[in-house]
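Labels below follow one simple rule: chain letters A, B, ... track the order of the sequence lines, proteins then strands, and each chain is numbered from 1.
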There are 2 protein chains.
Amino acid sequence: MARPTEHEVLAAVLQIRCGSLQVLAWQRALPPDSGRWSLPGGLLGDDEDVEQSVRRQLAEKVDLGEVTHVEQLGVFSRPDRVPDVRRVATAFLGLVPSDADPAVPPDTQWHPLAALPPTAFDHAAIVADAHDRLRAKLSYTNLGFALAPREFTISALRDLYVAALGHPVSATNLQRVLTRRQVLEPTGAVAPPGPAGGRPAALFRFTDHVLRVTDAFAVLRPPTGPPSGPGEATRVVVP
Amino acid sequence: MARPTEHEVLAAVLQIRCGSLQVLAWQRALPPDSGRWSLPGGLLGDDEDVEQSVRRQLAEKVDLGEVTHVEQLGVFSRPDRVPDVRRVATAFLGLVPSDADPAVPPDTQWHPLAALPPTAFDHAAIVADAHDRLRAKLSYTNLGFALAPREFTISALRDLYVAALGHPVSATNLQRVLTRRQVLEPTGAVAPPGPAGGRPAALFRFTDHVLRVTDAFAVLRPPTGPPSGPGEATRVVVP
DNA sequence: CCAAAAGTGTTGGATGTACACCCATGA
DNA sequence: TCATGGGTGTACATCCAACACTTTTGG
(Lines give C-alpha, C1' and ligand atoms only; values in the text may rest on other atoms or scores of the structure.)
Protein backbone atom coordinates (compact mmCIF):
# COMPACT_ATOMS: atom_id res chain seq x y z
CA MET A 1 0.00 0.00 0.00
CA ALA A 2 1.57 3.27 1.10
CA ARG A 3 4.98 3.94 -0.34
CA PRO A 4 7.42 4.94 2.35
CA THR A 5 7.62 8.72 2.51
CA GLU A 6 11.01 10.36 2.55
CA HIS A 7 11.50 13.90 3.66
CA GLU A 8 14.21 16.13 2.28
CA VAL A 9 15.27 19.71 2.78
CA LEU A 10 16.45 21.93 -0.06
CA ALA A 11 17.94 25.39 0.03
CA ALA A 12 18.04 28.09 -2.59
CA VAL A 13 21.15 29.93 -1.44
CA LEU A 14 21.28 33.35 -3.05
CA GLN A 15 24.14 35.79 -3.30
CA ILE A 16 24.79 38.88 -5.36
CA ARG A 17 27.98 38.23 -7.30
CA CYS A 18 29.36 40.47 -10.01
CA GLY A 19 26.24 42.57 -9.87
CA SER A 20 23.82 39.74 -10.51
CA LEU A 21 21.73 37.62 -8.22
CA GLN A 22 23.02 34.06 -8.29
CA VAL A 23 22.04 30.73 -6.79
CA LEU A 24 24.22 27.90 -5.61
CA ALA A 25 23.68 24.53 -7.30
CA TRP A 26 25.55 21.30 -7.92
CA GLN A 27 25.52 19.20 -11.02
CA ARG A 28 24.09 15.73 -10.68
CA ALA A 29 26.43 13.01 -11.87
CA LEU A 30 23.97 10.15 -11.65
CA PRO A 31 20.34 9.57 -12.56
CA PRO A 32 17.72 10.62 -11.98
CA ASP A 33 18.09 13.92 -13.80
CA SER A 34 21.82 13.41 -14.25
CA GLY A 35 23.61 16.40 -15.70
CA ARG A 36 20.98 18.79 -14.42
CA TRP A 37 21.59 21.25 -11.63
CA SER A 38 20.30 20.57 -8.15
CA LEU A 39 19.88 22.64 -5.02
CA PRO A 40 21.91 21.68 -1.97
CA GLY A 41 20.04 19.62 0.58
CA GLY A 42 19.41 16.07 1.62
CA LEU A 43 17.26 13.77 3.65
CA LEU A 44 15.94 14.81 7.03
CA GLY A 45 17.77 13.04 9.83
CA ASP A 46 16.17 11.26 12.74
CA ASP A 47 17.21 13.68 15.42
CA GLU A 48 16.80 17.03 13.78
CA ASP A 49 14.05 19.32 12.64
CA VAL A 50 14.04 20.77 9.15
CA GLU A 51 15.82 23.97 10.22
CA GLN A 52 18.64 22.03 11.81
CA SER A 53 18.75 19.72 8.86
CA VAL A 54 19.10 22.40 6.23
CA ARG A 55 21.93 23.98 8.18
CA ARG A 56 23.67 20.64 8.47
CA GLN A 57 23.31 19.91 4.77
CA LEU A 58 24.40 23.38 3.77
CA ALA A 59 27.53 22.98 5.84
CA GLU A 60 28.61 20.31 3.35
CA LYS A 61 28.59 22.83 0.50
CA VAL A 62 29.55 26.15 2.03
CA ASP A 63 30.92 27.65 5.19
CA LEU A 64 27.83 28.13 7.28
CA GLY A 65 29.38 31.24 8.79
CA GLU A 66 28.91 32.88 5.40
CA VAL A 67 25.18 32.18 5.33
CA THR A 68 23.69 35.15 7.10
CA HIS A 69 20.03 34.24 6.89
CA VAL A 70 17.96 31.09 6.47
CA GLU A 71 14.20 30.92 6.34
CA GLN A 72 11.60 28.38 5.39
CA LEU A 73 9.76 28.85 2.12
CA GLY A 74 7.31 26.00 2.16
CA VAL A 75 6.62 22.43 1.22
CA PHE A 76 6.89 20.94 -2.23
CA SER A 77 5.02 17.68 -2.32
CA ARG A 78 3.74 16.74 -5.73
CA PRO A 79 3.64 12.95 -5.78
CA ASP A 80 5.64 12.84 -9.00
CA ARG A 81 8.17 15.51 -8.14
CA VAL A 82 10.90 12.87 -7.84
CA PRO A 83 10.63 9.72 -9.92
CA ASP A 84 10.12 6.31 -8.30
CA VAL A 85 10.20 7.44 -4.68
CA ARG A 86 7.81 9.53 -2.63
CA ARG A 87 9.88 12.43 -1.43
CA VAL A 88 8.45 15.53 0.18
CA ALA A 89 10.70 18.59 0.33
CA THR A 90 10.82 21.53 2.67
CA ALA A 91 12.36 24.44 0.79
CA PHE A 92 14.46 27.19 2.31
CA LEU A 93 15.87 30.53 1.32
CA GLY A 94 19.49 31.15 2.28
CA LEU A 95 21.43 34.38 1.83
CA VAL A 96 25.16 35.08 1.57
CA PRO A 97 26.69 38.58 1.74
CA SER A 98 28.05 39.92 -1.52
CA ASP A 99 31.61 40.19 -0.24
CA ALA A 100 31.90 36.53 0.78
CA ASP A 101 33.44 34.03 -1.57
CA PRO A 102 32.86 30.72 0.12
CA ALA A 103 34.79 27.70 -1.05
CA VAL A 104 32.46 25.25 -2.76
CA PRO A 105 32.93 21.67 -3.91
CA PRO A 106 34.04 21.13 -7.51
CA ASP A 107 30.64 19.98 -8.72
CA THR A 108 29.03 23.08 -7.26
CA GLN A 109 28.67 26.48 -8.94
CA TRP A 110 26.92 29.81 -8.75
CA HIS A 111 24.41 30.54 -11.52
CA PRO A 112 22.67 33.82 -12.31
CA LEU A 113 18.95 33.51 -11.74
CA ALA A 114 18.40 35.23 -15.04
CA ALA A 115 20.16 32.42 -16.91
CA LEU A 116 19.52 29.31 -14.92
CA PRO A 117 20.69 26.12 -16.61
CA PRO A 118 18.33 23.14 -16.69
CA THR A 119 17.45 22.24 -13.11
CA ALA A 120 16.56 18.94 -11.54
CA PHE A 121 13.03 18.05 -10.46
CA ASP A 122 11.06 21.09 -9.26
CA HIS A 123 14.08 23.04 -8.13
CA ALA A 124 13.41 25.88 -10.55
CA ALA A 125 10.12 26.55 -8.80
CA ILE A 126 11.92 26.68 -5.48
CA VAL A 127 14.38 29.21 -6.84
CA ALA A 128 11.49 31.31 -8.12
CA ASP A 129 9.84 31.22 -4.71
CA ALA A 130 13.10 32.21 -3.07
CA HIS A 131 13.48 35.16 -5.40
CA ASP A 132 9.92 36.31 -4.72
CA ARG A 133 10.41 36.06 -1.00
CA LEU A 134 13.65 38.01 -1.14
CA ARG A 135 12.11 40.78 -3.23
CA ALA A 136 9.15 41.08 -0.92
CA LYS A 137 11.11 41.13 2.30
CA LEU A 138 13.66 43.63 1.04
CA SER A 139 10.79 46.06 0.87
CA TYR A 140 9.35 45.80 4.35
CA THR A 141 12.10 44.30 6.51
CA ASN A 142 15.79 44.92 7.17
CA LEU A 143 16.69 41.79 5.21
CA GLY A 144 19.31 43.73 3.27
CA PHE A 145 21.71 43.00 6.12
CA ALA A 146 21.99 39.45 4.83
CA LEU A 147 23.10 40.53 1.36
CA ALA A 148 25.47 43.35 2.22
CA PRO A 149 29.00 43.44 3.63
CA ARG A 150 29.39 44.67 7.17
CA GLU A 151 30.21 48.16 5.91
CA PHE A 152 29.31 49.67 2.60
CA THR A 153 28.55 52.89 0.79
CA ILE A 154 25.04 53.80 -0.18
CA SER A 155 25.76 53.34 -3.86
CA ALA A 156 27.14 49.87 -3.22
CA LEU A 157 23.97 49.06 -1.29
CA ARG A 158 21.89 50.51 -4.07
CA ASP A 159 23.56 48.17 -6.52
CA LEU A 160 22.65 45.21 -4.33
CA TYR A 161 19.02 46.28 -4.19
CA VAL A 162 18.94 46.78 -7.94
CA ALA A 163 20.34 43.30 -8.52
CA ALA A 164 17.88 41.70 -6.11
CA LEU A 165 14.78 43.69 -7.04
CA GLY A 166 15.38 43.90 -10.75
CA HIS A 167 14.40 47.52 -11.12
CA PRO A 168 16.14 50.88 -10.66
CA VAL A 169 16.48 52.17 -7.11
CA SER A 170 17.35 55.73 -6.19
CA ALA A 171 20.34 55.92 -3.87
CA THR A 172 18.99 59.14 -2.44
CA ASN A 173 15.70 57.67 -1.38
CA LEU A 174 17.14 54.35 -0.37
CA GLN A 175 19.29 56.11 2.16
CA ARG A 176 16.45 58.22 3.44
CA VAL A 177 14.03 55.36 3.84
CA LEU A 178 16.48 53.03 5.51
CA THR A 179 17.89 55.61 7.90
CA ARG A 180 14.46 56.88 8.87
CA ARG A 181 13.55 53.33 9.77
CA GLN A 182 16.80 53.04 11.65
CA VAL A 183 17.83 50.10 9.54
CA LEU A 184 21.10 51.80 8.62
CA GLU A 185 23.50 53.86 10.63
CA PRO A 186 26.66 55.71 9.54
CA THR A 187 29.93 54.25 10.78
CA GLY A 188 31.57 57.67 10.70
CA ALA A 189 34.24 56.51 8.27
CA VAL A 190 34.35 57.31 4.58
CA ALA A 191 35.47 55.33 1.57
CA PRO A 192 38.18 56.75 -0.69
CA PRO A 193 36.91 57.99 -4.04
CA GLY A 194 37.48 55.93 -7.15
CA PRO A 195 40.09 56.70 -9.82
CA ALA A 196 37.73 59.17 -11.48
CA GLY A 197 37.53 61.28 -8.33
CA GLY A 198 34.33 62.36 -6.73
CA ARG A 199 33.31 63.06 -3.20
CA PRO A 200 34.29 60.32 -0.74
CA ALA A 201 31.28 58.22 0.20
CA ALA A 202 30.23 57.78 3.81
CA LEU A 203 30.23 54.22 5.11
CA PHE A 204 27.13 52.68 6.65
CA ARG A 205 26.26 49.50 8.45
CA PHE A 206 23.02 47.70 9.26
CA THR A 207 22.04 48.41 12.85
CA ASP A 208 20.74 44.92 13.28
CA HIS A 209 21.71 41.52 11.89
CA VAL A 210 18.57 39.60 12.62
CA LEU A 211 15.38 39.87 10.61
CA ARG A 212 13.13 42.71 11.75
CA VAL A 213 9.94 43.97 10.21
CA THR A 214 10.48 47.68 9.70
CA ASP A 215 7.32 48.63 7.88
CA ALA A 216 4.55 47.68 10.26
CA PHE A 217 0.94 47.36 9.24
CA ALA A 218 0.22 49.61 6.33
CA VAL A 219 -3.35 49.98 7.47
CA LEU A 220 -5.71 48.95 10.21
CA ARG A 221 -3.09 49.61 12.81
CA PRO A 222 -4.13 49.68 16.41
CA PRO A 223 -5.21 53.10 17.68
CA THR A 224 -2.34 55.31 18.74
CA GLY A 225 -3.41 55.82 22.29
CA PRO A 226 -1.08 55.79 25.28
CA PRO A 227 2.22 54.11 24.44
CA SER A 228 0.99 50.69 23.47
CA GLY A 229 2.16 47.55 25.21
CA PRO A 230 5.44 45.80 24.55
CA GLY A 231 6.08 43.94 21.33
CA GLU A 232 3.73 45.71 19.02
CA ALA A 233 2.20 43.47 16.43
CA THR A 234 4.01 43.71 13.13
CA ARG A 235 3.56 42.37 9.66
CA VAL A 236 5.41 39.18 10.35
CA VAL A 237 3.89 36.98 7.75
CA VAL A 238 6.59 34.44 7.69
CA PRO A 239 8.76 34.22 10.77
CA MET B 1 18.82 3.11 11.45
CA ALA B 2 16.40 5.71 10.14
CA ARG B 3 12.95 5.56 11.57
CA PRO B 4 10.34 5.63 8.82
CA THR B 5 9.15 9.20 8.35
CA GLU B 6 5.44 9.84 8.22
CA HIS B 7 4.04 13.03 6.81
CA GLU B 8 0.80 14.53 8.03
CA VAL B 9 -1.17 17.65 7.23
CA LEU B 10 -2.93 19.70 9.90
CA ALA B 11 -5.28 22.62 9.53
CA ALA B 12 -6.12 25.41 11.92
CA VAL B 13 -9.61 26.22 10.66
CA LEU B 14 -10.67 29.62 11.97
CA GLN B 15 -14.08 31.20 12.07
CA ILE B 16 -15.55 34.18 13.85
CA ARG B 17 -18.46 32.86 15.89
CA CYS B 18 -20.41 34.89 18.42
CA GLY B 19 -17.95 37.73 18.05
CA SER B 20 -14.88 35.72 18.89
CA LEU B 21 -12.28 34.04 16.74
CA GLN B 22 -12.57 30.29 17.15
CA VAL B 23 -10.71 27.24 15.94
CA LEU B 24 -12.05 23.81 15.04
CA ALA B 25 -10.64 20.87 17.02
CA TRP B 26 -11.57 17.35 17.92
CA GLN B 27 -11.04 15.60 21.23
CA ARG B 28 -8.70 12.64 21.15
CA ALA B 29 -10.25 9.51 22.61
CA LEU B 30 -7.10 7.39 22.60
CA PRO B 31 -3.46 7.89 23.50
CA PRO B 32 -1.23 9.56 22.79
CA ASP B 33 -2.47 12.78 24.34
CA SER B 34 -5.93 11.34 24.89
CA GLY B 35 -8.46 13.86 26.10
CA ARG B 36 -6.57 16.73 24.55
CA TRP B 37 -7.79 18.69 21.56
CA SER B 38 -6.34 18.07 18.15
CA LEU B 39 -6.46 19.91 14.83
CA PRO B 40 -8.13 18.17 11.91
CA GLY B 41 -5.76 16.46 9.51
CA GLY B 42 -4.17 13.15 8.76
CA LEU B 43 -1.47 11.34 6.89
CA LEU B 44 -0.44 12.40 3.43
CA GLY B 45 -1.69 9.97 0.82
CA ASP B 46 0.36 8.43 -1.97
CA ASP B 47 -1.26 10.26 -4.83
CA GLU B 48 -1.80 13.73 -3.48
CA ASP B 49 0.24 16.76 -2.57
CA VAL B 50 -0.19 18.45 0.78
CA GLU B 51 -2.75 20.94 -0.52
CA GLN B 52 -4.95 18.19 -1.92
CA SER B 53 -4.45 16.19 1.24
CA VAL B 54 -5.53 18.90 3.63
CA ARG B 55 -8.67 19.47 1.60
CA ARG B 56 -9.44 15.78 1.61
CA GLN B 57 -8.91 15.50 5.34
CA LEU B 58 -10.92 18.61 6.08
CA ALA B 59 -13.81 17.21 4.11
CA GLU B 60 -14.15 14.58 6.83
CA LYS B 61 -14.83 17.23 9.45
CA VAL B 62 -16.64 20.03 7.67
CA ASP B 63 -18.35 20.81 4.41
CA LEU B 64 -15.49 21.95 2.22
CA GLY B 65 -17.82 24.37 0.50
CA GLU B 66 -17.82 26.35 3.73
CA VAL B 67 -14.04 26.68 3.80
CA THR B 68 -13.40 29.79 1.75
CA HIS B 69 -9.63 29.92 1.97
CA VAL B 70 -6.79 27.50 2.64
CA GLU B 71 -3.11 28.36 2.71
CA GLN B 72 0.08 26.73 3.84
CA LEU B 73 1.68 27.96 7.04
CA GLY B 74 4.82 25.86 7.20
CA VAL B 75 6.43 22.71 8.44
CA PHE B 76 6.51 21.51 12.02
CA SER B 77 9.18 18.90 12.36
CA ARG B 78 10.64 18.64 15.83
CA PRO B 79 11.76 15.02 16.20
CA ASP B 80 9.82 14.65 19.45
CA ARG B 81 6.68 16.45 18.38
CA VAL B 82 4.78 13.19 18.34
CA PRO B 83 5.86 10.39 20.69
CA ASP B 84 7.29 7.12 19.36
CA VAL B 85 6.94 7.88 15.66
CA ARG B 86 8.70 10.34 13.40
CA ARG B 87 5.94 12.47 11.99
CA VAL B 88 6.50 15.70 10.10
CA ALA B 89 3.53 17.99 9.72
CA THR B 90 2.64 20.60 7.14
CA ALA B 91 0.35 23.13 8.78
CA PHE B 92 -2.40 25.09 7.05
CA LEU B 93 -4.67 27.97 7.78
CA GLY B 94 -8.31 27.51 6.83
CA LEU B 95 -11.05 30.12 7.02
CA VAL B 96 -14.84 29.81 7.28
CA PRO B 97 -17.24 32.73 6.85
CA SER B 98 -18.94 33.95 9.99
CA ASP B 99 -22.44 33.13 8.75
CA ALA B 100 -21.71 29.47 8.07
CA ASP B 101 -22.55 26.86 10.66
CA PRO B 102 -21.09 23.69 9.25
CA ALA B 103 -22.16 20.38 10.69
CA VAL B 104 -19.25 18.82 12.57
CA PRO B 105 -18.76 15.35 14.03
CA PRO B 106 -19.73 14.85 17.68
CA ASP B 107 -16.15 14.78 18.94
CA THR B 108 -15.41 18.08 17.17
CA GLN B 109 -15.99 21.56 18.55
CA TRP B 110 -15.19 25.21 18.05
CA HIS B 111 -13.00 26.83 20.70
CA PRO B 112 -12.21 30.52 21.16
CA LEU B 113 -8.54 31.17 20.57
CA ALA B 114 -8.51 33.26 23.70
CA ALA B 115 -9.46 30.26 25.83
CA LEU B 116 -7.99 27.28 24.11
CA PRO B 117 -8.27 24.04 26.09
CA PRO B 118 -5.20 21.81 26.40
CA THR B 119 -4.09 20.89 22.90
CA ALA B 120 -2.34 17.81 21.60
CA PHE B 121 1.31 17.83 20.54
CA ASP B 122 2.42 21.14 19.05
CA HIS B 123 -1.01 22.12 17.81
CA ALA B 124 -1.14 25.23 19.97
CA ALA B 125 1.87 26.63 18.11
CA ILE B 126 0.13 25.95 14.82
CA VAL B 127 -2.93 27.83 15.99
CA ALA B 128 -0.75 30.74 17.04
CA ASP B 129 0.91 30.82 13.62
CA ALA B 130 -2.48 30.72 11.95
CA HIS B 131 -3.66 33.65 14.02
CA ASP B 132 -0.54 35.67 13.17
CA ARG B 133 -0.90 34.97 9.50
CA LEU B 134 -4.56 35.96 9.53
CA ARG B 135 -3.85 39.22 11.33
CA ALA B 136 -1.05 40.11 8.95
CA LYS B 137 -2.93 39.34 5.77
CA LEU B 138 -6.07 41.16 6.84
CA SER B 139 -3.97 44.27 6.75
CA TYR B 140 -2.50 44.11 3.27
CA THR B 141 -4.73 41.74 1.32
CA ASN B 142 -8.44 41.26 0.67
CA LEU B 143 -8.48 38.20 2.91
CA GLY B 144 -11.54 39.52 4.73
CA PHE B 145 -13.62 37.91 1.99
CA ALA B 146 -12.93 34.55 3.60
CA LEU B 147 -14.31 35.60 6.98
CA ALA B 148 -17.36 37.58 5.91
CA PRO B 149 -20.78 36.58 4.57
CA ARG B 150 -21.47 37.33 0.93
CA GLU B 151 -23.19 40.57 1.89
CA PHE B 152 -22.75 42.57 5.05
CA THR B 153 -22.91 46.02 6.56
CA ILE B 154 -19.77 47.94 7.35
CA SER B 155 -20.38 47.62 11.08
CA ALA B 156 -20.74 43.88 10.78
CA LEU B 157 -17.47 43.77 8.87
CA ARG B 158 -15.88 46.01 11.46
CA ASP B 159 -16.88 43.53 14.16
CA LEU B 160 -15.19 40.73 12.22
CA TYR B 161 -11.98 42.72 11.92
CA VAL B 162 -12.07 43.56 15.61
CA ALA B 163 -12.47 39.91 16.52
CA ALA B 164 -9.67 38.82 14.23
CA LEU B 165 -7.22 41.64 14.91
CA GLY B 166 -7.87 42.03 18.61
CA HIS B 167 -7.91 45.80 18.62
CA PRO B 168 -10.49 48.50 17.91
CA VAL B 169 -11.15 49.33 14.26
CA SER B 170 -12.94 52.42 13.03
CA ALA B 171 -15.86 51.57 10.76
CA THR B 172 -15.41 54.91 9.04
CA ASN B 173 -11.83 54.31 8.06
CA LEU B 174 -12.33 50.61 7.35
CA GLN B 175 -14.89 51.50 4.73
CA ARG B 176 -12.71 54.17 3.21
CA VAL B 177 -9.61 52.02 3.00
CA LEU B 178 -11.32 48.97 1.60
CA THR B 179 -13.37 50.85 -0.97
CA ARG B 180 -10.40 52.91 -2.10
CA ARG B 181 -8.57 49.68 -2.72
CA GLN B 182 -11.60 48.33 -4.52
CA VAL B 183 -11.78 45.44 -2.13
CA LEU B 184 -15.40 46.27 -1.29
CA GLU B 185 -18.28 47.40 -3.44
CA PRO B 186 -21.82 48.41 -2.44
CA THR B 187 -24.57 46.03 -3.48
CA GLY B 188 -27.07 48.87 -3.66
CA ALA B 189 -29.34 47.28 -1.07
CA VAL B 190 -29.66 48.34 2.55
CA ALA B 191 -30.19 46.43 5.75
CA PRO B 192 -33.19 47.29 7.94
CA PRO B 193 -32.26 49.12 11.14
CA GLY B 194 -32.28 47.30 14.46
CA PRO B 195 -34.98 47.63 17.12
CA ALA B 196 -33.35 50.78 18.50
CA GLY B 197 -33.72 52.56 15.17
CA GLY B 198 -30.95 54.28 13.36
CA ARG B 199 -30.17 54.86 9.76
CA PRO B 200 -30.38 51.75 7.58
CA ALA B 201 -26.94 50.42 6.72
CA ALA B 202 -25.84 49.96 3.15
CA LEU B 203 -24.87 46.44 2.18
CA PHE B 204 -21.46 45.66 0.71
CA ARG B 205 -19.75 42.68 -0.81
CA PHE B 206 -16.15 41.77 -1.53
CA THR B 207 -15.37 42.37 -5.19
CA ASP B 208 -13.17 39.33 -5.32
CA HIS B 209 -13.19 35.97 -3.60
CA VAL B 210 -9.63 34.91 -4.22
CA LEU B 211 -6.66 36.23 -2.32
CA ARG B 212 -5.25 39.43 -3.74
CA VAL B 213 -2.53 41.66 -2.39
CA THR B 214 -4.06 45.10 -2.20
CA ASP B 215 -1.30 47.05 -0.55
CA ALA B 216 1.64 46.74 -2.89
CA PHE B 217 5.20 47.46 -1.89
CA ALA B 218 5.33 50.06 0.80
CA VAL B 219 8.69 51.23 -0.40
CA LEU B 220 11.28 50.67 -3.07
CA ARG B 221 8.65 50.40 -5.70
CA PRO B 222 9.73 50.49 -9.30
CA PRO B 223 9.89 53.97 -10.82
CA THR B 224 6.57 55.27 -12.09
CA GLY B 225 7.53 55.75 -15.66
CA PRO B 226 5.35 54.89 -18.62
CA PRO B 227 2.58 52.47 -17.66
CA SER B 228 4.62 49.57 -16.38
CA GLY B 229 4.36 46.12 -17.82
CA PRO B 230 1.64 43.60 -17.03
CA GLY B 231 1.35 41.95 -13.65
CA GLU B 232 3.12 44.49 -11.48
CA ALA B 233 5.14 42.91 -8.71
CA THR B 234 3.29 42.88 -5.43
CA ARG B 235 4.07 41.96 -1.90
CA VAL B 236 3.14 38.34 -2.35
CA VAL B 237 5.12 36.79 0.40
CA VAL B 238 3.14 33.63 0.65
CA PRO B 239 1.14 32.69 -2.41
C1' DC C 1 -38.38 65.88 18.88
C1' DC C 2 -34.81 62.92 20.65
C1' DA C 3 -31.75 59.02 20.71
C1' DA C 4 -29.32 55.76 17.98
C1' DA C 5 -26.87 54.12 14.19
C1' DA C 6 -24.71 55.11 9.67
C1' DG C 7 -22.21 57.75 6.62
C1' DT C 8 -19.53 62.08 4.78
C1' DG C 9 -16.22 66.01 5.12
C1' DT C 10 -12.14 67.70 6.67
C1' DT C 11 -7.82 68.18 8.91
C1' DG C 12 -3.25 67.03 10.07
C1' DG C 13 0.49 63.93 10.10
C1' DA C 14 3.48 60.50 8.19
C1' DT C 15 5.73 58.54 4.38
C1' DG C 16 7.81 58.24 -0.28
C1' DT C 17 9.20 59.77 -4.95
C1' DA C 18 11.19 62.93 -7.91
C1' DC C 19 14.23 66.43 -8.90
C1' DA C 20 17.01 70.40 -8.26
C1' DC C 21 20.87 71.86 -6.04
C1' DC C 22 25.18 71.82 -3.27
C1' DC C 23 29.67 69.34 -1.72
C1' DA C 24 34.21 67.09 -1.99
C1' DT C 25 37.59 65.00 -4.53
C1' DG C 26 41.11 63.81 -8.53
C1' DA C 27 43.06 65.20 -12.75
C1' DT D 1 38.57 74.65 -12.89
C1' DC D 2 36.10 70.91 -14.54
C1' DA D 3 34.19 66.39 -14.54
C1' DT D 4 32.58 62.93 -11.40
C1' DG D 5 30.37 60.76 -7.92
C1' DG D 6 28.12 61.78 -3.21
C1' DG D 7 24.81 64.03 -0.40
C1' DT D 8 21.00 67.44 1.06
C1' DG D 9 16.81 70.29 0.50
C1' DT D 10 12.41 70.77 -1.15
C1' DA D 11 8.13 70.22 -3.65
C1' DC D 12 4.49 67.25 -4.47
C1' DA D 13 1.47 63.25 -4.11
C1' DT D 14 -0.55 59.55 -1.49
C1' DC D 15 -2.41 57.55 2.19
C1' DC D 16 -4.43 57.09 6.58
C1' DA D 17 -6.17 58.14 11.56
C1' DA D 18 -8.97 61.08 14.02
C1' DC D 19 -12.92 63.64 14.74
C1' DA D 20 -16.64 66.80 13.77
C1' DC D 21 -20.76 66.88 11.43
C1' DT D 22 -24.76 65.39 8.73
C1' DT D 23 -28.26 61.82 7.42
C1' DT D 24 -31.87 58.52 8.33
C1' DT D 25 -34.37 55.74 11.00
C1' DG D 26 -37.50 54.19 15.42
C1' DG D 27 -39.84 55.57 19.46
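Nucleotides of DNA chain C nearest to Pro200(B) and Arg199(A) differ in position, and the one nearer the 5' end is that of Pro200(B). Positionally, the nearest nucleotide of DNA chain C for Arg180(A) lies more toward the 5' end than for the other of Gly197(A) and Arg180(A). Place Phe204(A) and Ala196(B) on DNA chain D by their nearest nucleotides, and Phe204(A) ends up nearer the 5' end.
Per the geometry, CG belonging to Asp215(B) stands 11 Å off P belonging to dA17(D), to the nearest Å. Going from atom CG of Leu203(A) over to atom P of dG5(D) covers 18 Å, rounded to whole Å. A straight line from CZ of Phe152(A) to P of dG7(D) spans 12 Å, rounded to a whole angstrom. For the pair Gln175(B) CD and dC19(D) P, the computed distance is 19 Å after rounding to whole Å. Between the OH atom of Tyr161(A) and the P atom of dT17(C) there is a distance of 12 Å, rounded to whole Å. The nearest whole Å value for the distance from the CG atom in Leu184(B) to the C1' atom in dG7(C) is 14 Å. dC19(D) atom C1' lies 10 Å from atom CG of Asn173(B), rounded to whole Å. In this structure, Arg158(B) places its CZ atom 11 Å from P of dG7(C), rounding to the nearest Å.
Taking the six-membered ring where the residue is Trp, Phe206(A) and Phe145(A) present perpendicular rings, their angle passing 60° and hence far from 30°.
The side chain of Thr172(B) lies closest to dC19(D), out of dC19(D), dG16(C), dC16(D). When each of dT25(D), dG9(C), dT8(D) is scored by its nearest atom to the side-chain atoms of Pro193(B), the top-ranked nucleotide is dT25(D).
Residue contacts shown for Ser155(A) are limited to sugar-phosphate atoms, with no base heavy atom under 4.0 Å away. Nucleic acid contact for Pro195(B): sugar-phosphate only, since backbone atoms but no base atoms lie under 4.0 Å from a heavy atom of the residue. The residue Ala202(B) sits close only to the backbone: its heavy atoms come under 4.0 Å of sugar-phosphate atoms, none of a base.
Annotation: Trp37(A) is not in aromatic contact with His123(A) [ring centroid separation under 6.0 Å not met].
Closest of all the heavy-atom pairs between Ala148(B) and Leu160(B) is CA-CD1, 3.6 Å.
Side-chain atoms of Arg17(B) do not come within 3.5 Å of backbone N or O of Asp101(B) as any donor-acceptor pair.
The base of dG9(D) is paired with the side chain of Arg176(A) by a donor and an acceptor separated by under 3.5 Å.
Under 3.5 Å, the side chains of Thr187(A) and Glu185(A) contain no donor-acceptor pair of N or O atoms.
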